[in-house]
Amino acid sequence: MKLKIITVLLTISIIFSGCISQSAKNTGIKEETTDLKQEVTVPVGDRELFLDPLLGTSTSWHTRPLIFDTLLVSDREGIHPALASSVERTEDGKTWILHLLEGVKFHDGTPFDAYTASYSLNKSFGDSASRYSLTVESIEVIDNYTLNVTLGKPFGPFLDEVAAAWIVCPNCYDSDGEFKEAIGTGAFILENYSREEITLRANPDYWGGAPKIQKVIVKAIPDASTQVIAFEAGELDVIGADISGIGLSDVKRLGEDPRFEIYTRPDAQIDIIGFNVESEYFSDKKIREAVNYGIDRQELVDSVLEGYGIPAVGPIGYDDSIPWTNTEIEGYAYDPETAAELLKEAGWEDQDGDGIVEKDGKPFEINLIDANTRPYYRAMTEVIQAQLSKIGIKVNIRVLESGAYQTALKEKDFDMATIPNYGKRETDPYPYLFMFFCSKGTYPIMNNETFDGLYFRSLSTVDPEQREALYDQMQEVIMDECVCAFLMHPVKVGTAKKEFKNFELRHGFDGFIPFKKAYFSEE
């Protein structure tokens, strides 16, 4: 029986027709007459710079949207066309047909077509994708500009995976599959590369419209204060475009400087404290609830983020501006009296008057591990330490280097731990849910059969409304298990020179994408 083909409706920001050559006049950018140099210098907080788009490093993730494109683009508003103009799927959700743009070329002149797209998808959809139950049976070239992707079973967030697969020229890699050169279809072409600095020049033939910025210089500057000093000295044009934003202690001063513009963006990122439910302290749910009631999230926002944040409510978001958020979840109010009562019900009381609760003569003294994955985490953990001391819990903070921290997470060598934002996409957060809340995840802090069943059912469900209902249930299970204290959503803050126009902050590693449309102007 022939399967019904369904046209997948994409949220379209740009309608692509047969003509793909676009000039500045139809990119939404006002033509400007200016003598300002169209060259932007921007830092990233890495010690070394890399270019391979498939390599898991911050630098390559930031620069790849400028050099490389994807078939689709995903953001809070939905899925948008890019190098693929439209998508169809069979009713069973196992076969996807991708219709590609014609006439696009890679930077070295290699034509972009179904063969190069197939090459790229095969590199992206390797073994690493199978942990999320994405099984690609075949990627078939139907004609020069049509691909047929067949899955072993339906995969709900398949288009999100396509939107995360970078289209690379086969000439990027040698005969052994080793990366040798960055060649994409993107708005910028690699000009010079070193581990300290990357220079990109504008692609005048870019299919999405030639950028006004003629050169992008990316510098490795790991120290945030050094970035600010260089910015104020005029050596940088933008800071905070990368994933970390800028140091909040500098925001007020920079905002008062008439040379600069401050940008803010409420973000899907979330700061979390995870409990080791196998430890002697947190095996009791009442203790986990007590800690949640003992944390003043608004104080964290005010003192640690200097007001640039939003108290967290649940596992994903604080309202429906963040996709997949269960808006029925109310979270935990700051209530130290309830926290103390829960501790007492669990058998923990301060019997010797030293300010620390005890049980069977043993004081409630625990370790909180942290890897300082964010600049403000030291201050955040110290505030939590002080807050929990008020309900009789003594917290010792252990700062570990990245490798030791990840090992401690895997081996459950902690009582509490800061949980990084691994996989917390702005669009569909299924990698993050898998990594920390699924029993088969990389750093599981929860083991719940109901959650696992809901999670894997959501992956095999194609209908968006059905998936949303499953996501709501998953969040309810997480809240009921109380395996975390969800703390706050930092507002991303960045700044740029006043004359840098048409710029905005973006989520995560998409921070350099606005350079495609930005420009310098005195107006």
Which heavy atom in [X] sits nearest to a heavy atom in [Y], and how many Å separate them?
X	Y	value
Pro429	Ile316	CG-CD1, 3.8 Å
Trp96	Val87	CE3-CG1, 3.7 Å
Leu72	Pro81	CD2-CA, 4.1 Å
Cys438	Phe456	SG-CE1, 3.7 Å
Ala408	Phe414	O-CD2, 3.6 Å
Pro315	Ile329	CD-CD1, 4.1 Å

Would you kindly say whether [X] and [Y] are connected by a side-chain donor-acceptor distance under 3.5 Å?
X	Y	value
Thr90	Asp92	yes
Asp267	His489	no
Thr185	Asp69	yes
Asp370	Thr418	yes
Gln298	Asp302	yes
Gln387	Asp296	no
Ser439	Asp452	yes
Tyr430	Asp160	no
Ser279	Asn276	no

What's the separation between atom [atom1] in [X] and atom [atom2] in [Y], rounded to the nearest 0.5 Å?
X	Y	atom1	atom2	answer
Gln475	Leu454	CD	CG	11.0 Å
Tyr119	Cys172	OH	SG	7.5 Å
Tyr405	Asp413	OH	CG	12.5 Å
Thr427	Ile322	OG1	CD1	12.0 Å
Arg398	Asp415	CZ	CG	9.0 Å
Phe282	Arg288	CZ	CZ	9.0 Å

Are Tyr432 and Phe437 close enough, and set up right, to give a ring pair (Phe, Tyr, Trp, His ring centres under 6.0 Å), and what steps lead you there? CA-CA 8 Å; Tyr432 151 80; Phe437 302 105; 5.6 Å; yes
Heavy-atom distance under 4.5 Å between the side chains of [X] and [Y], does that happen here?
X	Y	value
Arg374	Tyr377	yes
Thr325	Tyr318	no
Thr495	Val238	no
Leu409	Gln406	no
Val491	Leu305	no
Arg297	Asn292	yes
Pro336	Lys390	no
Asp428	Arg467	yes

Verify side chain to side chain contact (heavy atoms under 4.5 Å, CB included) between Val162 and Thr70, making sure each step is shown before the conclusion. CA-CA 7 Å; Val162 173; Thr70 51; over 6 Å; no
Determine, for Tyr173 and Lys123, whether the Lys NZ or Arg CZ falls below 6.0 Å from the six-membered ring centre while staying within 45 degrees of the axis. yes
Decide if the gap between the ring center of Phe509 and the ring center of Trp61 is smaller than 6.0 angstrom. yes
For Tyr293 together with Tyr334, are the ring centres under 6.0 Å from each other? no
Do other residues, nucleotides or ligands put more than 12 heavy atoms under 6.0 Å from the [atom1] atom of [X]?
X	atom1	result
Lys219	NZ	no
Arg378	CZ	no
Lys285	NZ	yes
Lys153	NZ	no

Hey, does the side chain of [X] reach the backbone of [Y] with a donor-acceptor pair shorter than 3.5 angstrom?
X	Y	value
Glu401	Ala404	yes
Lys394	Pro363	no
Asp350	Gly355	yes
Lys492	Asp242	yes
Asp75	Gly78	yes
Lys424	Pro431	no
Asp480	Glu476	no
Arg195	Glu48	no
Tyr443	Ile419	no
Asp510	Ile513	no

Decide side chain to side chain contact (heavy atoms under 4.5 Å, CB included) for Ile273 and Ile384; before the verdict, give the C-alpha distance in whole Å, the side-chain angles of both, and the deciding distance to 0.1 Å. CA-CA 10 Å; Ile273 293 292; Ile384 291 171; 3.8 Å; yes
Ionic contact status for [Y] with [X], cut-off 4.0 Å:
X	Y	result
Lys286	Glu341	no
Arg425	Glu161	yes
Glu280	Lys362	yes

Could you walk me through whether Met380 and Leu487 pass the side chain to side chain contact (heavy atoms under 4.5 Å, CB included) test, one step at a time? CA-CA 10 Å; Met380 181 183 79; Leu487 304 175; 3.8 Å; yes
Carefully, step by step, assess Tyr263 and Val493 under the rule side chain to side chain contact (heavy atoms under 4.5 Å, CB included). CA-CA 6 Å; Tyr263 294 85; Val493 183; over 6 Å; no
Show your working on salt bridge (Lys or Arg N to Asp or Glu O under 4.0 Å) between Glu426 and Arg265 and close with a plain yes or no. CA-CA 12 Å; Glu426 184 180 47; Arg265 187 181 194 278; 2.8 Å; yes
Return the orientation label for the Tyr422 and Phe436 ring planes: parallel under 30°, perpendicular over 60°, tilted otherwise. parallel
